Colleague: 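Pasting a structure here, questions to come.
What's counted below: heavy atoms across the whole structure, side chains too, no hydrogens, waters or symmetry copies. Only a predicted model underlies this, so the values are computations on that prediction, with no experimental measurement involved. By convention in this document, chain letters (A, B, ...) are assigned in the order of the sequence lines, proteins followed by strands, and residues within each chain are numbered from 1.
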There are 2 protein chains.
Amino acid sequence: MAKAPQKEETPALDRIDLEILKLLQQNARATIKEIAAGVHLSTTPVHERIKRMEESGVIRQYVTLLNASKVGKGLMVICYVSLRQHSRHAGDKFIKSILEMNEVLECLTISGEFDFLLKVVAANMDEYYHFHVNKLSAIENVGNVQSVFVMGVIKQTHQLVF
Amino acid sequence: MAKAPQKEETPALDRIDLEILKLLQQNARATIKEIAAGVHLSTTPVHERIKRMEESGVIRQYVTLLNASKVGKGLMVICYVSLRQHSRHAGDKFIKSILEMNEVLECLTISGEFDFLLKVVAANMDEYYHFHVNKLSAIENVGNVQSVFVMGVIKQTHQLVF
DNA sequence: ACTGAAATCTCCATTGT
DNA sequence: ACAATGGAGATTTCAGT
């Protein structure tokens, strides 16, 4: 009997791979030399392992996180949206619109009363109000919308710990 | 009359700074040479601008984003928490506990019925249940807890567009 | 699959405009 | 405040174990 098939045939990650990922999660600009020293290997295998994980999609993207309020995006809002009808077409239309809106950093489909949870950033309340009324509510089939304002960020990380 | 004071005296960002930030947000491992080409400057001023923005805190961190399900974290849950009492001490205790929990990627203080919104990841329902019962609910003063399960991720970005 | 070293390319401090 | 330069250091490839 063959081993159980995996989605998309991702080769299993060993302990060294996970250690490399831990370091890269903390600092995407770490040099290969630094990472190699961290996992007690030479640069060659580390370079190969990183390339393999980039190609297999384990590593999604190297990004720079900014201080939102210092670049004029001081307001964060969690926004719940339900659609008036749940046809395939209505859903696709909504998703397409959301993907184009730069104010929306995150869009999740959720269980419960609402269909979507959005994380939205704006410079201030005026800008958010404009987004709410003229952009979000203007998408066809958008029904109920509810905004919850974020008063403070206690924790914000992307570090997955294995 | 002097110009209006800013919090923490952040020197204003010009159009070139914003262009650099746009490129760095998309790819934290971009070389200075690549970024310099993108903004039609030589490497020297680009290097200086980036260093300045790192020191002033505009640039928070360079991180690597992983594919959560490919590293065994296939379940995402939005979790609402309210505290039984709102003393300074109770809040601090809760925050301290949350900061130590690797399952919690995000913790926001919000307006409305609940006090906190948590974004939690786990391998599966068993692991989440264990977190809920034995870790989250075990924090003193935690009152009502409500879980909303994420069924799909439509969009997930960190790119702030100015 | 890893080591060590060589070739190429990038970084970044200095100097000059 | 930016360009050009060159030594230092990183990346990437290749031979060897």
Colleague: Between Lys155(B) and Glu106(A), is any pair of side-chain heavy atoms under 4.5 Å apart?
Modeller: no

Colleague: Is the closest side-chain heavy-atom distance between Gln25(B) and Val63(A) below 4.5 Å?
Modeller: no

Colleague: Is there side-chain contact between Thr157(A) and Lys119(B), with heavy atoms separated by less than 4.5 Å?
Modeller: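 Contact flag for Thr157(A)/Lys119(B) side chains = no.
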
Colleague: Answer yes or no: is there a side-chain heavy-atom contact under 4.5 Å between Asn124(A) and Leu75(A)?
Modeller: no

Colleague: Between the base of dA4(D) and the side chain of Thr44(B), is there a donor-acceptor distance below 3.5 Å?
Modeller: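 Looking at the base of dA4(D), it does pair with a donor or acceptor on the side chain of Thr44(B) (distance under 3.5 Å).
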
Colleague: Report the C-alpha separation of Tyr129(A) and Asn134(A) in whole Å, then their side-chain angles, then the decisive distance to 0.1 Å, and conclude whether the side-chain contact (heavy atoms from CB on, under 4.5 Å) test is met.
Modeller: CA-CA 8 Å; Tyr129(A) 184 75; Asn134(A) 298 320; over 6 Å; no

Colleague: Within the 4.5 Å heavy-atom criterion, are Asn27(A) and Leu24(A) side-chain neighbours or not?
Modeller: no

Colleague: Classify the angle between the aromatic ring planes of Tyr128(A) and Phe149(A) as parallel (below 30°), tilted (30 to 60°) or perpendicular (above 60°).
Modeller: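 Perpendicular, since the angle between the ring planes exceeds 60°.
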
Colleague: Does any residue of residues 18-33 of chain B have a heavy atom under 4.0 Å from DNA chain C, and if so, which ones, in number order?
Modeller: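 Residues of residues 18-33 of chain B under 4.0 Å from DNA chain C: Thr31(B), Ile32(B), Lys33(B).
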
Colleague: Could you tell me whether the side chain of Glu34(A) and the main chain of Ala30(A) form a donor-acceptor pair under 3.5 Å?
Modeller: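 Flag not set: sc Glu34(A) to bb Ala30(A) has no pair under 3.5 Å.
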
Colleague: Using a cut-off of strictly less than 4.0 Å between a heavy atom of the residue and any atom of DNA chain C, enumerate the qualifying residues of residues 45-52 of chain B by number.
Modeller: His47(B), Lys51(B)

Colleague: Whole angstroms only, please: what is the NE2-C1' distance between His40(A) and dT3(C)?
Modeller: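 Atom NE2 in His40(A) sits about 16 Å away from atom C1' in dT3(C).
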
